Protein chains: 2
Amino acid sequence: MKLVWFLPVALLIVTQVALGSNNGNNGLDMAAQRRAANIHRMDTIILLTYVSVMVVIVVTAWAFKHYRLRFIHESGVTLFYGLLIGFVIRYFGLGLLQSQTFDVETKNKTVVKEPPDYLMLEVKPEGGSSVSFHYELIEGFFADKRKKIEQQIEQKSVFSPEVFFNMLIPPIIFNAGYSLKKRHFFRNIGSILAIVFIGTTISCFGTGCLMFVFTSIFQMGYTFKELLFFGALISATDPVTIISVFNDMNVEADLFALIFGESALNDAVAIVLSEVIENFSTSSEAITLHDFGSAIAGFAGVFFGSLMLGFGIGCMNAFLTKMTLISEHPLLESSLFVLISYISFLVAEVCGLTGIVSVLFCGIAQAHYTYNNLSDESQSNTKHFFHMISFIMESFIFCYIGVSVFVTNNQRWSFSFLLFSLISITASRALFVYPLSWLLNIRRRPKIPKRYQHMILFAGLRGAMAFALAGRNTSTENRQTIFATTTAVVIVTVLVNGGLTSWMIEYLQIKHGKDAIEEGQRLENSMSCSRGEQHSDLEETIPVTMAPGLNPWDKAFLPRKWYHFDASFMKPLLTHATPSLEQTLPPFCLPITSLLTSSRQRADETSSFDSE
Amino acid sequence: MKLVWFLPVALLIVTQVALGSNNGNNGLDMAAQRRAANIHRMDTIILLTYVSVMVVIVVTAWAFKHYRLRFIHESGVTLFYGLLIGFVIRYFGLGLLQSQTFDVETKNKTVVKEPPDYLMLEVKPEGGSSVSFHYELIEGFFADKRKKIEQQIEQKSVFSPEVFFNMLIPPIIFNAGYSLKKRHFFRNIGSILAIVFIGTTISCFGTGCLMFVFTSIFQMGYTFKELLFFGALISATDPVTIISVFNDMNVEADLFALIFGESALNDAVAIVLSEVIENFSTSSEAITLHDFGSAIAGFAGVFFGSLMLGFGIGCMNAFLTKMTLISEHPLLESSLFVLISYISFLVAEVCGLTGIVSVLFCGIAQAHYTYNNLSDESQSNTKHFFHMISFIMESFIFCYIGVSVFVTNNQRWSFSFLLFSLISITASRALFVYPLSWLLNIRRRPKIPKRYQHMILFAGLRGAMAFALAGRNTSTENRQTIFATTTAVVIVTVLVNGGLTSWMIEYLQIKHGKDAIEEGQRLENSMSCSRGEQHSDLEETIPVTMAPGLNPWDKAFLPRKWYHFDASFMKPLLTHATPSLEQTLPPFCLPITSLLTSSRQRADETSSFDSE
């Protein structure tokens, strides 16, 4: 087996060849050792490739920011680098790699009806006794007619969807929740929820139906379920690119809140929708009323179950940090914070709920309650930690999407399907943006102006979540087409819409830069959200002593109820905020409330009492 | 295939079973989907188990610190939790898992002499056309007589050594370099290097020879090479436990520097030694003089090559951060810092050098140069980021070592081998500590007192690195015994030596707490290293304007030369420190030096000139 080198590091490797070439033993031990060494080298080279590209991306991102280049966005550049690397690996890297593949059959020649998890092969080295080796089924990796030589490299440079869902996506979503501009977010919560729930559902079914019409006309052989699944996954819009442009340009805060809120939350809706659609009974192709009813119930159960779970775990952590003195040890405190946040994802997944929804609301709860209890050091640590991790993961995913175009085996390209998709998703997005805005504007005080509506339509970029959902199951040809199309839609929207965002902002005469800041300050004195970094206002999101009812924008019944409950029960219970539970709850609860009041709360209350 | 649940989360899973049970299609697509779902659940449960244990560990660590419990250390507790989890998985978790294994042979019945990388098995579903499925060889996973049912769970809850070496170890070692107390470290550099290079080599060969004597007497059938390999890997002492105790107790800074320096650097020596021993030509069992010569050359090449590479990459990053204005964007700056640090590891591995050595010296260079150029935000970010990551990784590794005792298949226990090992490693450690200290004391100004020597002997705890090295190759029975013995040595030393460290400090009358701080302040006015957190003095490690030669402790020729070179060339080149290159280099270099001087340096020089 030759050494693995498919990148121009050959020269540097010479040292190692000289050092390692005196491995002269034959036998299985040596073969195993050589294989381990090869795999290690391969893993390392692929990791190095990705990390190097990331370095280039960071430097490029800096240069773009520094020289104020706006014709193309960082995500676009990242995608482009990914495509380049994928191209190199595909056409220059593959020939230099050798791996052996044997056709096998079962020993007693029984016909296998379902692929087993493991195979055992007896190997007899020359002059040695036979040893059995274990082989594991490679997940989602089906044989096709391409050269066998290419398979190992695909297997290596392509991550399993598991890695995506367990490792890369959670920190991004958590950061979205943790760095939410709560003030503007909650001011627009009604509109955001309407867009997220009703809009995403319309988009899902709209895309599914339109695609069904197109594919039926051209007899492309897709079932309605498959197309509905496609509709669900492609409805997840991506916050990364658009938010980054908006931040750079200081766009009006309300528009920012609407678009950020939609793209952060509809991932969760899309993932739940696609899971519900996947779980439709597929023995009959038709979708019955019963299916539909159970789907709605399942949807509600999964969504709100995940929401409660994540929020609950966030509150639990707030309670833990309040009642213990762990803030004396910021290192332990930050570690606990990170671990508990990740647990909210894992517990939801183990329970069959949706980790993404859970981790998002855990992030919101952590920002709302726990953040207040943390030591100064941990506040800054956790904020920057998640911001950085999220940035790195996002860059990685965009790079990876580019690589996957050339490297993966499980994408089947269909230009007509792509064309129909682009038409369908634009049409079905328009189908909910304008009618929904009209409906909302009936009661909404600052109405959603037409230019906002156009911008929301335009901001429907697709990203990591759609890609990950599509890549999760590529076992049939139709699904491979869906995966390839999703990849293409991501690339097209990120490059075209992402690149044209700043131009579009100018064209639609949306306020940005100084104008938007002045406008914001005029509207509300205490408002300071439009200046710069997405989460720079975390500190001011907890209006500790703000009395309920003083807030100008909570007019609706449910928000008002929640606000009151939050101020009089949740915050005193979970944070060091005053007034404490001893003040807000009736006196007969005193035995319990005194237990739940921290010494810091008592001290704060006494001092404020003194100063009065 | 039943659902996978081996932890008491059964109740919570019921929801999912109810939701997912209407998957009623037969055929390969459904089988693949079910398999993917099962694997996802399994991965998630195992991750959840580990993360939950980590949360418990953090809370326990806090409780131990808060209530000042010292009879057992956190690492010990972590190990204990790991053992507990391993026990539960082993005896309660395995029965609930089902996987299918088939015996196979090649289609044309040829005898296989070396295990191929992939197998292809044809599967014929009922009423469908046949599909070929790919199987990959499971690395280092050899069949034995245990029930097949246990294999999947082992495969899942045990990480490959690759994950250890590529993911878990690098941040720990980088953090060791980045958070080094440079002042004390460099004051003791001569003694530390002597202990690290000569000491570790003596320990390696001493252990190897002693073990060879023991095993020959009892005819246990080990080759000298195997035992030498064991000697090399078991010579890597672990900084985690001992440093954490020392920090808590504020032990004298010189002793701290000696023990930390040894344990941080000898990992690198042990890894290089073990690799060199592995690469000995094994066709003849005897080690020839030629082998020995090439081993020495290889050792030097690999060690210093890695050192230069890591240091060079660190300097490159310093130069990059100095010459660009990336510090305007702290997020990009921190990300770049993290990525470049990781690259120093990967490049070394790809070049066949040692990533650990490289990443350690990259850390030192980053702390020495780059740190000075970073924005305030990035300084604090990177410091805390690596501190936290390193803490989490360490806890995870200790937990994992505990789990591996019960779960892995590739450990073979031999009580007599363990007993001989404990005797050998203690003896060979004594064999270098006392003679080397005597030799060093001939010229060393503040001599190493006897109580330090006893403490160094006692502080020979083993940890992650020894474990990871031993687990890398377990293809033969002897190697499996070595792996099991290493695990046991880690557990014994962490529990016994780690638990008794604070008692030992009292017993040997080593100054700690207030005494040590006063002693330190008496010795040196500007010294402030003994107060608290391991890296709290990062800020003061760059004495920007300290003139060469003023430092009381650089007496030796080489350190003095280096110090001069560093102050007059490296620092002005790589950081914003003054005097700039324009001042330190001869005037004829001006065209180049003016390019390499930053505006901040010029401004600083002008202002200091003005104030004079």
Side-chain angles (χ1 to χ4, degrees), chain A residues 9 12 15-16 19 22 24-25 29 31-32 44-45 47-48 51 54-55 58 62 99-107 111-112 114-120 123-125 132-138 141 143 281-283 326 332 334-336 339 342-343 346 349-352 381 384 388 475, chain B residues 9 12 15-16 22 24-25 29 31-32 44 47-48 51 54-55 58 62 99-107 111-121 123-124 132-138 141 143 281-283 298 326 332 334-336 339 342-343 346 349-352 381 384 388 475:
Chain A
V9 288
L12 293 167
T15 336
Q16 166 69 356
L19 280 168
N22 49 356
N25 201 13
D29 188 21
T44 318
I45 291 178
L47 258 174
L48 178 61
V51 179
M54 303 276 289
V55 168
V58 171
W62 171 76
S99 66
Q100 274 183 299
T101 309
F102 280 7
D103 285 316
V104 291
E105 57 190 359
T106 51
K107 261 196 172 163
V111 176
V112 187
E114 221 176 67
D117 299 293
Y118 296 102
L119 299 183
M120 206 141 75
V123 176
K124 280 184 189 140
S132 290
F133 283 85
H134 270 261
Y135 288 80
E136 193 188 19
L137 183 57
I138 303 174
F141 189 58
S281 75
T282 45
S283 48
I326 203 167
L332 295 178
S334 314
S335 307
L336 188 72
L339 292 170
Y342 192 39
I343 273 194
L346 292 173
E349 287 289 314
V350 168
C351 300
N381 278 0
H384 293 126
M388 184 164 80
S475 57
Chain B
V9 286
L12 293 168
T15 338
Q16 166 68 355
N22 49 355
N25 201 13
D29 189 21
T44 317
L47 257 174
L48 179 61
V51 179
M54 302 275 290
V55 168
V58 171
W62 170 75
S99 67
Q100 273 184 301
T101 309
F102 279 7
D103 286 315
V104 290
E105 57 191 359
T106 51
K107 262 195 171 162
V111 176
V112 187
K113 284 179 184 148
E114 221 176 68
D117 299 294
Y118 296 102
L119 299 184
M120 207 142 74
L121 180 74
V123 175
K124 280 184 191 141
S132 289
F133 283 86
H134 270 262
Y135 288 80
E136 193 188 19
L137 183 58
I138 303 173
F141 190 58
S281 76
T282 45
S283 49
I326 202 167
L332 295 178
S334 313
S335 305
L336 187 73
L339 291 170
Y342 192 40
I343 273 194
L346 292 172
E349 288 289 314
V350 168
C351 301
N381 278 0
H384 293 127
M388 185 165 78
S475 57

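Just so it is clear, the model here is predicted, and its values are computed rather than measured. Naming: A, B, ... by sequence-line order, numbering from 1 per chain. The figures here come from the full heavy-atom set of this structure, side chains too, leaving out hydrogens, waters and symmetry mates.
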Over all heavy atoms of both residues, which pair between [X] and [Y] is shortest? Give the atoms and the distance, please.
{"X": "B:Val58", "Y": "A:Leu332", "result": "CG1-O, 3.4 Å"}
{"X": "A:Tyr342", "Y": "B:Val51", "result": "CD2-CG2, 3.8 Å"}
{"X": "A:Val350", "Y": "B:Thr44", "result": "CG2-CG2, 3.6 Å"}

Among the listed options A:Leu336, A:Ile326, A:Val55, the residue most often paired with chain B at heavy-atom distances under 4.5 Å = A:Ile326
So CG of A:Asn381 and NE2 of B:His384: to nearest 0.5 Å the spacing works out to 5.0 Å
Name all residues meeting the side-chain hydrogen bond (donor to acceptor under 3.5 Å, both in side chains) criterion together with B:Ser335; count only those two or more places apart in sequence or in a different chain, and write none if there are none.
->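 None.
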